[in-house]
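Here is how names work: the chains are called A, B, and so on, in the same order as the sequence lines, proteins then strands, and each is numbered from 1.
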2 protein chains.
Amino acid sequence: MKSDKISEFTTNRLSVYLRCLNKLAAAGETSISSESFALRFDLNSAQIRKDLANFGDFGVRGLGYPIDTLRENLIKILGLDRERHVGIIGAGRLGMALTDYYGLRRANFTVSALFDADPGKIGKKIGQVVILDIKDFSAAVKKYNIDVAVIAVPSSAAQIALQMVKQSGIKAVLNFAPVPLKSGPDIKVNSIDLTTSLENLSYFLAKSDDAKEG
Amino acid sequence: MKSDKISEFTTNRLSVYLRCLNKLAAAGETSISSESFALRFDLNSAQIRKDLANFGDFGVRGLGYPIDTLRENLIKILGLDRERHVGIIGAGRLGMALTDYYGLRRANFTVSALFDADPGKIGKKIGQVVILDIKDFSAAVKKYNIDVAVIAVPSSAAQIALQMVKQSGIKAVLNFAPVPLKSGPDIKVNSIDLTTSLENLSYFLAKSDDAKEG
DNA sequence: AACTGTGAAGGGCTTCACAGCG
DNA sequence: CGCTGTGAAGCCCTTCACAGTT
């Protein structure tokens, strides 16, 4: 184990590995080789061995990786063994859809509150989760021990929302607004940019069109 | 202009550039240098010049890039000048939220239909968009000229959905199911993996926790 | 003088290939 | 013999540095 500086490519793959291991465990499998594991993704087996070797010697030469202990190790490495509290900023369609998104629960993330500026929304509930006034954000962060913020507001409001998040002391942010945010050090902002994904598909299709036409 | 093989890193940045240019144009700016453009993202100016130089000599030495013509060029390059028709598979919360997501319209994508297997949903409408029986998918693809599919079904159904999409002849897919899909050549599958993004945040927080504890 | 376009250098992620262990 | 763990090679993306253009 020599975890210097782990790349995001690596940790993202660990997340994928874990989901696959969960399935294998449920199917009663007890061990797997890097080679047959790699076949389940579009990966080279050395990639998998290297990824895992960053965190420990989990494998057994001649046999492969024991599934149960590898699962437990990945859960610890990814921090999925502790509960996280999430505050979602923006109670639009996206914010509401995320509120009872099962993937959050599976990652041990609990949505503690939704926030919005619209007086017509404040006080309403999405399932168990209440919509609070955005003005009470900092207070709610302390009250509910919120450690992850989700930015689900229009692009024009995203930078201000991030500013508020930073001031509240939160260190981890998931951003859905399709704008480059100035974050700064010591805080992690993961952006999910639907617009870029769509335009990337558009580029691919346009390229194919052009190839056909000449 | 020597567009051999353009990397996805490049096209994704082009998408971000374009959005910024739209803002600049709306603000009445007429030209911008790669250096001051780079400051708006976390990028090196050479990166921007190289990205653009893949597609043409859009700049003017001594002056920078004219905003209007660069915008028009990026729109053409990304294929945003032609309308695309989208079919969304899965009329759950996510599918419905996407149906009237403004980002789709902005990229010149029109949602033609939603598809679901639940008889209780079939026939209902989300705004202007009707929910069709998934069994009629291939017919609807032809009828509406659908060229982009969005997979918004549970993980367990995602691979089957993709199979159906392939058989219908669609070449571009946006997948929200957090599973590695076997796609094959000649078809482009962009996955948006919320689970990985969340677990990546979890990893970051766990690492910080550990650093504090020793 | 200002700024683009680009060959060359640099840096990082992936793949190869094999030593070493069970 | 099978499979892991890993140094070295390969490959690709980014950054540097500067010649060339207006």
Side-chain angles (χ1 to χ4, degrees), chain A residues 1-17 20-21 24 29-71 73-74 77 180 196 200 203, chain B residues 1-17 20-21 24 29-71 73-74 77 180 196 200 203:
Chain A
M1 161 147 35
K2 30 60 195 297
S3 62
D4 310 335
K5 210 56 196 164
I6 306 298
S7 113
E8 201 143 311
F9 291 96
T10 297
T11 58
N12 286 350
R13 280 190 300 266
L14 293 185
S15 169
V16 177
Y17 298 163
C20 186
L21 289 173
L24 289 170
E29 302 288 325
T30 58
S31 88
I32 190 161
S33 71
S34 63
E35 190 63 39
S36 58
F37 203 37
L39 287 175
R40 296 174 172 264
F41 319 102
D42 265 332
L43 286 179
N44 183 290
S45 64
Q47 181 78 84
I48 291 177
R49 294 198 295 278
K50 274 230 151 83
D51 285 341
L52 298 177
N54 281 313
F55 298 94
D57 289 6
F58 302 132
V60 182
R61 287 161 204 249
L63 288 174
Y65 297 86
I67 288 177
D68 271 346
T69 60
L70 184 55
R71 265 185 76 220
N73 276 302
L74 288 183
I77 291 166
T196 292
N200 184 42
Y203 171 79
Chain B
M1 164 150 27
K2 30 68 198 291
S3 61
D4 310 333
K5 210 58 196 163
I6 306 297
S7 112
E8 200 142 312
F9 290 96
T10 296
T11 58
N12 287 349
R13 279 191 301 265
L14 293 185
S15 169
V16 177
Y17 298 163
C20 186
L21 290 172
L24 289 170
E29 302 286 325
T30 58
S31 87
I32 190 162
S33 71
S34 63
E35 190 64 38
S36 59
F37 203 40
L39 287 174
R40 297 176 171 263
F41 320 102
D42 265 332
L43 286 180
N44 183 289
S45 64
Q47 180 77 83
I48 291 177
R49 294 198 296 279
K50 273 232 152 85
D51 284 342
L52 298 177
N54 281 312
F55 298 95
D57 288 6
F58 302 132
V60 182
R61 288 161 203 251
L63 288 174
Y65 297 85
I67 288 178
D68 270 348
T69 59
L70 185 55
R71 264 186 76 219
N73 276 303
L74 289 183
I77 292 166
T196 292
N200 185 42
Y203 172 78

Rounded to the Å, how far apart are [X] [atom1] and [N] [atom2]?
| X | N | atom1 | atom2 | value |
| --- | --- | --- | --- | --- |
| A:I48 | D:dT4 | CD1 | P | 9 Å |
| B:F55 | C:dG5 | CZ | P | 14 Å |
| A:D51 | D:dT6 | CG | P | 13 Å |
| B:D57 | D:dT21 | CG | P | 11 Å |
| A:L52 | D:dT4 | CG | P | 10 Å |

Heavy-atom contacts under 4.0 Å between residues 33-45 of chain A and DNA chain C, which residues?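 Within residues 33-45 of chain A, the residues near DNA chain C are A:N44.
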
Whether the side chain of B:R61 and the base of D:dG20 hold a donor-acceptor pair under 3.5 Å is what I'd like checked.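 Between D:dG20 and B:R61, which were checked side chain against base, a qualifying N/O pair under 3.5 Å is present.
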
[X] and [Y]: which non-hydrogen atoms are nearest, and at how many Å?
| X | Y | result |
| --- | --- | --- |
| A:A38 | A:N44 | CB-C, 4.0 Å |
| A:P66 | A:S31 | CA-CB, 4.1 Å |
| B:L21 | B:I67 | O-CG2, 3.9 Å |

Think B:Y65 has a side-chain N or O under 4.0 angstrom from the OP1 or OP2 of C:dA2?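 B:Y65 to C:dA2 OP1/OP2: no side-chain N or O under 4.0 Å.
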
Stepwise side-chain contact (heavy atoms from CB on, under 4.5 Å) check, B:Y17 with B:N12: CA-CA 9 Å; B:Y17 298 163; B:N12 287 349; over 6 Å; no

Atom pairs, protein N/O to nucleotides 8-13 of chain D N/O, distance under 3.5 Å:
from  : atom 1 : to    : atom 2 : distance (Å)
D:dA8 : N6     : A:K50 : NZ     : 3.4

From C:dC21, C:dC18, D:dT21, pick the nucleotide closest to the side chain of A:R49?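 Nearest nucleotide to the side chain: C:dC18.
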
At 4.0 Å (heavy atoms only), tell me whether B:G62 reaches a base, stays on the sugar-phosphate, or touches nothing.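 Base contact.
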
Which residue lies more 5' along DNA chain C, comparing A:L63 with A:A46 via nearest heavy atoms: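 It is A:A46, whose closest nucleotide lies nearer the 5' terminus.
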
Students often mix this up, so state it plainly: with edges at 30° and 60°, are the rings of A:F55 and B:Y203 parallel, tilted or perpendicular?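 Taking B:Y203 first and then A:F55, their aromatic rings stand perpendicular (interplane angle over 60°).
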
Ring pair (Phe, Tyr, Trp, His ring centres under 6.0 Å) assessment of B:Y65 paired with B:F37: CA-CA 10 Å; B:Y65 297 85; B:F37 203 40; 7.9 Å; no

A:N73 side chain vs A:T69 backbone, donor-acceptor pair below 3.5 Å: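 Such a contact is found between A:N73 side chain and A:T69 backbone.
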
Backbone of A:A53 reached by a side-chain donor or acceptor of A:D57 within 3.5 Å: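 Looks like no, no N/O pair under 3.5 Å.
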
Among all residues two or more places apart in sequence or in another chain, which pass the ring-ring contact (aromatic ring centres under 6.0 Å, His included) test with A:F58?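 Residues passing ring-ring contact (aromatic ring centres under 6.0 Å, His included) with A:F58: none at all.
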
Those residues that, when tested against A:R13, pass salt bridge (Lys or Arg N to Asp or Glu O under 4.0 Å) (two or more places apart):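 Only A:D51 meet the salt bridge (Lys or Arg N to Asp or Glu O under 4.0 Å) criterion with A:R13.
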
Five-pair end axes of the helix from C:dA1-D:dT22 to C:dG22-D:dC1, angle between them (10°):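 Here the helix ends are tilted 0° relative to one another.
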
May I have all residue pairs that pass salt bridge (charged side-chain N to carboxylate O under 4.0 Å, His left out) and include part of residues 34-44 of chain A, sequence neighbours excluded?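 Every pair satisfying salt bridge (charged side-chain N to carboxylate O under 4.0 Å, His left out) with a residue in residues 34-44 of chain A: there are none.
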
